[in-house]
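As the structure is a computational prediction, the values presented were derived from the model and not from experiment. Just so you know, ligand 1 is whichever comes first in the structure, and atom 1 is the first atom listed for that ligand. Numbers here are sequence positions counted from 1.
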Amino acid sequence: MKLHIFSDPKNLGQASGSLAAEHIKQAIQSKGQANIILATGTSQFETLNQLIQEKDIDWSKVVLFHLDEYIGLTITHPASFRKYLTERFIQLVPTLQAVNLINGEQDAQAECHRLNEIIRQHPIDVALVGIGENGHLAFNDPPANFETKNPYIVVQLDEACRKQQMGEGWFPSLEDVPQQAISMSIQHIMASKKIICSVPDFRKAEAVKNCLENEVSPWFPASILQKHADCSMFLDQHSAELLSPSFRKQAFNA
Ligand SMILES: N[C@@H]1[C@@H](O)[C@H](O)[C@@H](COP(=O)(O)O)O[C@@H]1O
């Protein structure tokens, strides 16, 4: 894992968005197109802002997949990840070759099946992900399923995850946060050639320490990233503040 620590979320996002652009261009150059996964949430604001500003990406050669989505939320709900990606990315790069959003409003197992058929034909070149306050990767809350090979799965959301979503202001109360979601599985995220993980904010400091310094464990789902061959971890000084000095030594831009 390559560890990068920045002074603030804006610098973090500029660096992670630029690296994503580089990886996308490399994939297009080497095989004619790129398959990407985009995450959502506050942690991705600056990264996506940077990515949409990149000038020399041929978006008509890029196929987009969606990391996770609530079950039962309409696309017009403020917390809908489809709404988020549509407004913050898809409308801003309208020439994408294909967009594969998760529709959590219909039968969830059928939706997983539909998406699994498509994504199995599109090996992922670059995955943009974040880490939740409870250490989740996508919506795989602890203890995460590290075994399933199905690309998309139905998951239960734990209280810590639901509280985070409410705390970030996406929902008026905890009762409004759905209990289930469709998430890309841990194994499928790990099958991406390159992973860019952007994690700003002091709220993530404990999860970051647990996932980067502890042993790999389903109880710290994002700890699995330690095993990926090409994962770049982007932190800011706040999310990195609990890392031990010896661990921080490996960071670039510290
Ligand atoms: N399910 C989303 C993910 O797509 C995101 O990458 C991660 C971090 O969330 P946030 O960016 O809101 O802190 O967990 C969220 O709950």
Side-chain angles (χ1 to χ4, degrees), residues 9-10 12-13 16-17 20 36-51 64-73 77-89 100-102 104 115 124 126-142 144-145 151-171 174 176-186 188-190 192 195-208 210-212 220-225 231-236 238-240:
K10 195 164 175 57
L12 181 165
S16 57
I36 67 170
I37 299 172
L38 295 187
T40 53
T42 51
S43 61
Q44 306 300 310
F45 285 166
E46 301 292 348
T47 304
L48 294 183
N49 265 344
Q50 179 64 35
L51 188 54
L64 169 63
F65 289 90
H66 178 180
L67 189 66
D68 50 8
E69 179 60 287
Y70 298 102
I71 291 178
L73 220 57
H77 191 286
S80 159
F81 292 157
R82 280 181 299 164
K83 176 178 160 69
Y84 176 115
L85 284 181
T86 303
E87 291 173 354
R88 292 175 180 274
F89 193 79
N100 299 287
L101 293 181
I102 304 167
L115 290 164
I124 300 299
V126 193
L128 270 58
V129 299
I131 297 178
E133 287 174 36
N134 63 353
H136 74 198
L137 188 55
F139 261 149
N140 299 287
D141 286 337
N145 184 338
Y152 284 99
I153 55 175
V154 172
V155 293
Q156 299 292 326
L157 301 180
D158 72 13
E159 194 166 303
C161 168
R162 295 174 60 241
K163 277 187 175 156
Q164 177 192 325
Q165 304 305 328
M166 188 194 64
E168 287 184 1
W170 302 104
F171 295 93
L174 190 59
D176 293 302
V177 186
Q179 312 241 2
Q180 286 190 310
I182 294 175
S183 179
M184 189 168 289
S185 68
I186 293 284
H188 208 79
I189 294 168
M190 288 295 283
S192 308
I195 297 180
I196 295 174
C197 186
S198 299
V199 195
D201 205 333
F202 70 91
R203 291 181 294 111
K204 305 293 178 68
E206 199 177 331
V208 163
N210 286 334
C211 292
L212 302 195
F220 305 115
S223 64
I224 194 83
L225 295 174
C231 173
S232 298
M233 179 66 60
F234 290 84
L235 307 178
D236 67 5
H238 301 295
S239 59

Exercise for review: For atom 11 (O) of ligand 1, grab the closest protein heavy atom and report residue, atom and distance to one decimal in Å.
Suggested key: Ser43 OG, 2.5 Å
Practice item. For the pair Ser80 (side chain) and Lys83 (backbone), establish whether a donor and an acceptor sit closer than 3.5 Å, ignoring hydrogens and angles. Key: yes
Exercise for review: Consider ligand 1: state whether an atom of it lies below 4.0 angstrom from any non-hydrogen atom of Trp170.
Suggested key: no
Check your understanding: Hey, what do you get for CD1 (Ile37) to NE2 (His66), rounding to the nearest 0.5 Å?
Key -> 11.0 Å
Check your understanding: Which of the atoms in ligand 1, numbered in the order shown and given with their element, are less than 4.0 Å from a heavy-atom of Leu67?
Key -> 4 (O)
Review point. Is there a side-chain contact between Asn145 and Val155, using heavy atoms and a 4.5 Å cut-off?
Key: no
Review point. Counting each atom of ligand 1 from 1 as listed, which ones have a heavy atom of Gln165 under 4.0 Å away?
Key: 15 (C), 16 (O)
Exercise for review: Describe, in one word, how the ring planes of Tyr84 and Trp170 are oriented to each other, choosing from parallel (under 30°), tilted (30 to 60°) and perpendicular (over 60°).
Suggested key: tilted
Check your understanding: Heavy-atom contacts under 4.0 Å between Thr42 and ligand 1: side chain, backbone, both, or neither?
Key -> both
Practice item. Could you tell me whether the side chains of Gln50 and Glu46 share a donor-acceptor contact shorter than 3.5 Å? Key: no
Review point. How far apart are the C-alpha atoms of Leu157 and Tyr70, what are their side-chain angles, what is the distance that settles it, and do they pass the side-chain contact (heavy atoms from CB on, under 4.5 Å) test?
Key: CA-CA 9 Å; Leu157 301 180; Tyr70 298 102; 3.9 Å; yes
Review point. Looking only at heavy atoms of Gln164, does any of them come nearer than 4.0 Å to an atom of ligand 1?
Key: yes
Point to revise | Minimum non-hydrogen distance to atom 14 (O) of ligand 1, winning option of Gln44, His66, His136, Glu168 | key: His136
Practice item. Can you pull out the closest protein heavy atom to atom 4 (O) of ligand 1? Residue, atom name and distance to 0.1 Å, please. Key: Asp68 OD1, 3.0 Å
Point to revise | Atom indices of ligand 1, in the order listed, that fall short of 4.0 Å to a heavy atom of Lys204 | key: 10 (P), 13 (O)
Practice item. Verify the ring-centre separation between His188 and Tyr152: is it less than 6.0 angstrom? Key: no
**Study point:** Non-hydrogen side-chain atoms of Leu73 and Arg82 separated by less than 4.5 Å
**Key:** no
Check your understanding: Below 3.5 angstrom, do we get any N/O pair linking Gly130 and ligand 1?
Key -> yes
Exercise for review: Using a 4.0 Å heavy-atom threshold (strictly under), name the region of Thr40 that reaches ligand 1: side chain, backbone, both or neither.
Suggested key: both
